[in-house]
2 protein chains.
Amino acid sequence: MRLSKKTDYALRVLFTLVEHHGRGPIPIRELARRNDVPKRFLEHIMLEMKARGWVDSSPGKQGGYVLAKEPARITMGEVIRQFDGVLAPIGCVSVAHYERCNQEAVCRFRRILLDARNYVARLMDRATLAMVFLGAPVQTREVFAQEFSAGDGI
Amino acid sequence: MRLSKKTDYALRVLFTLVEHHGRGPIPIRELARRNDVPKRFLEHIMLEMKARGWVDSSPGKQGGYVLAKEPARITMGEVIRQFDGVLAPIGCVSVAHYERCNQEAVCRFRRILLDARNYVARLMDRATLAMVFLGAPVQTREVFAQEFSAGDGI
DNA sequence: TAATCTACGACTAAATCAATCGTATTTCAT
DNA sequence: ATGAAATACGATTGATTTAGTCGTAGATTA
């Protein structure tokens, strides 16, 4: 059930870039220092984020990284899926990477894992960097309760 | 965010034992076959569950494993914590295994991870084997919403 | 007394994680 | 021009975790 260091580091850095949005590039050295992330490790993470189009880079003096998308258009769910591969606790309740399980027909606890998966996925997919940065409530339980009682089956 | 095979296997077997509760021991061989779990691997899992007092064993012919506690007194949360160690997505929001993070004061996304952790922990800690076996609703979102608006801080 | 169980430590193969290193390439201030 | 400062990126590594297997000892009972 754990988040990898990569995801943790990526999120830390993204929020630093959100904070600095529109005020020029920040070099990896600085991103690493400010977020307590190993610099050489961060290089790979930044590359991956650039490939995803979340950040952009410029080399040379005065170079560094900037956010390439609006903070409201990147979600924590995307970041976690990028670096951890999957959000669901087990393959048989994953939407993005469903894996058939031959016990599925008789499994008693799949419902519960699906419940957990659904809550977390909704939460993370609504958590845009912009909202989280501002500390705005991402998902009130009231809203979630309404949606749920509207029914989403299994 | 993933459940280990050990936890998955342990849960499968526990529900088989719940189903058979009060009708004598089932040998590992049978538990393994019915739940599609490697038998030699399951031995270790059963030992660990015996140490926790969830199951009891008898050797010899007609031997095997039985549930040692009422199904209403074992929760999925306990099982997951036993085999996966922790329920929280990251150390800084774990109750059972809290780890200090020096970014905590400035971290923007801790709230969200805490929200996820709280929902999942509540869900799993309420999910007794008895209720899950019966397919009874473990945690209505309405109830959760009320509790939340009552306030639980960070 | 032999078949059938559990008990339990030793071992291992493979995957994943969390990096580090070397080096190439691009850019820009001077 | 040129050198300092930055990104680009593949190769490698060490540690840990995962997911088992194996051998054998010991208990029970038909």
Side-chain angles (χ1 to χ4, degrees), chain A residues 1-13 17 24-33 35-68 80 82-86 89-91 97 99 101, chain B residues 1-13 17 24-33 35-68 80 82-86 89-91 97 99 101:
Chain A
M1 311 289 262
R2 300 199 69 125
L3 229 58
S4 68
K5 288 282 182 191
K6 258 192 178 177
T7 302
D8 183 4
Y9 294 162
L11 287 171
R12 292 183 194 189
V13 166
L17 291 178
I26 309 180
I28 281 190
R29 175 176 39 79
E30 183 65 13
L31 291 171
R33 195 189 56 73
N35 294 288
D36 195 27
V37 176
K39 189 195 148 212
R40 297 306 297 266
F41 192 36
L42 185 54
E43 289 180 7
H44 296 287
I45 297 172
M46 298 313 294
L47 250 341
E48 222 170 317
M49 294 211 279
K50 185 181 178 182
R52 279 296 304 252
W54 296 334
V55 301
D56 216 339
S57 66
S58 40
K61 270 182 183 171
Q62 318 296 330
Y65 283 91
V66 292
L67 210 60
I80 295 171
Q82 174 68 29
F83 292 103
D84 279 1
V86 78
I90 199 165
H97 297 88
E99 297 166 39
C101 167
Chain B
M1 312 288 262
R2 300 197 70 125
L3 229 57
S4 69
K5 287 282 181 193
K6 259 193 177 175
T7 302
D8 182 5
Y9 294 162
L11 287 171
R12 292 184 195 189
V13 165
L17 292 178
I26 310 179
I28 280 191
R29 173 177 40 77
E30 183 64 13
L31 291 171
R33 194 188 57 72
N35 294 287
D36 194 28
V37 176
K39 190 195 148 213
R40 297 306 298 267
F41 191 35
L42 186 53
E43 287 180 9
H44 296 289
I45 298 171
M46 299 313 294
L47 250 342
E48 222 170 318
M49 294 212 277
K50 185 180 176 181
R52 279 296 305 250
W54 297 334
V55 301
D56 215 338
S57 67
S58 40
K61 271 180 183 170
Q62 317 296 330
Y65 283 92
V66 293
L67 211 60
I80 294 172
Q82 175 67 28
F83 292 103
D84 279 4
V86 77
I90 199 164
H97 297 89
E99 296 165 39
C101 168

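Reminder, nothing fancy here: chain letters follow the sequence lines and each chain counts from 1.
For the pair B:Leu42 and B:Phe83, both in contact range of DNA chain D, the more 5′-proximal nearest nucleotide belongs to B:Phe83. Between B:Lys39 and B:Asp84, it is B:Asp84 whose nearest contact on DNA chain D lies nearer the 5' terminus.
Atom CG of residue A:Leu31 and atom NZ of residue A:Lys39 lie 11.5 Å apart, to the nearest 0.5 angstrom.
For DNA chain C, the residues of residues 24-31 of chain B within the heavy-atom distance limit of 4.0 Å (strictly under) are B:Pro27, B:Ile28, B:Arg29, sorted by number. Within a heavy-atom distance below 4.0 Å of DNA chain C, the residues of residues 2-11 of chain A found are A:Ser4, A:Lys5, A:Tyr9. Contacts between residues 49-63 of chain B and DNA chain D, defined by a heavy-atom separation below 4.0 Å, involve B:Pro59, B:Gly60, B:Lys61, B:Gln62, listed by number.
For the pair B:Met46 CE and D:dA19 P, the interatomic distance rounds to 18 Å; values are reported in whole Å. One can place OH of A:Tyr65 at 18 Å from P of D:dA5, the figure rounded to the nearest angstrom.
With sequence neighbours left out, B:Asp36 forms a side chain to side chain donor-acceptor pair (under 3.5 Å) with A:Asn102. In this structure A:Arg40 satisfies the side-chain contact (heavy atoms from CB on, under 4.5 Å) test together with A:Glu43, sequence neighbours excluded. Under the rule for a side chain to side chain donor-acceptor pair (under 3.5 Å), B:Arg29 has no partner lying at least two apart in sequence or in another chain. Listed by chain and number, the residues in a side-chain contact (heavy atoms from CB on, under 4.5 Å) with A:His44 amount to none (sequence neighbours excluded).
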Output side-chain donor-acceptor pairs under 3.5 Å for residues 5-12 of chain A, partner residues at least two apart or in another chain, one line each.
unit_1: A:Thr7; atom_1: OG1; unit_2: A:Ser4; atom_2: OG; d: 3.2
unit_1: A:Thr7; atom_1: OG1; unit_2: A:Asp84; atom_2: OD1; d: 3.0
unit_1: A:Asp8; atom_1: OD1; unit_2: A:Arg12; atom_2: NE; d: 3.1
unit_1: A:Asp8; atom_1: OD2; unit_2: A:Arg12; atom_2: NH2; d: 3.1
unit_1: A:Arg12; atom_1: NH1; unit_2: A:Asn35; atom_2: O; d: 2.8

Distance-only donor-acceptor pairs under 3.5 Å for side chains of residues 45-53 of chain B, two or more places apart:
unit_1: B:Glu48; atom_1: OE2; unit_2: B:Gln82; atom_2: NE2; d: 3.1
unit_1: B:Lys50; atom_1: NZ; unit_2: B:Ser57; atom_2: OG; d: 3.0
unit_1: B:Arg52; atom_1: NH1; unit_2: B:Gln82; atom_2: OE1; d: 2.8

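Mapping heavy-atom proximity under 4.0 Å, the span of DNA chain C touched by chain A runs 5' to 3' from C:dA18 to C:dA29.
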What nitrogen or oxygen pairs link the protein and nucleotides 9-11 of chain D at under 3.5 Å?
unit_1: D:dC9; atom_1: N4; unit_2: A:Glu43; atom_2: OE1; d: 2.6
unit_1: D:dG10; atom_1: O6; unit_2: A:His44; atom_2: NE2; d: 3.3

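Comparing the end axes of the helix from C:dT1-D:dA30 to C:dT30-D:dA1, each fitted to five base pairs by superposing C1' atoms of four pairs onto the next four, gives an inter-axis angle of 0° (nearest 10 degrees).
Contact record, A:Leu17 with A:Leu67: CB-CD1, 4.0 Å, taken as the closest heavy-atom pair.
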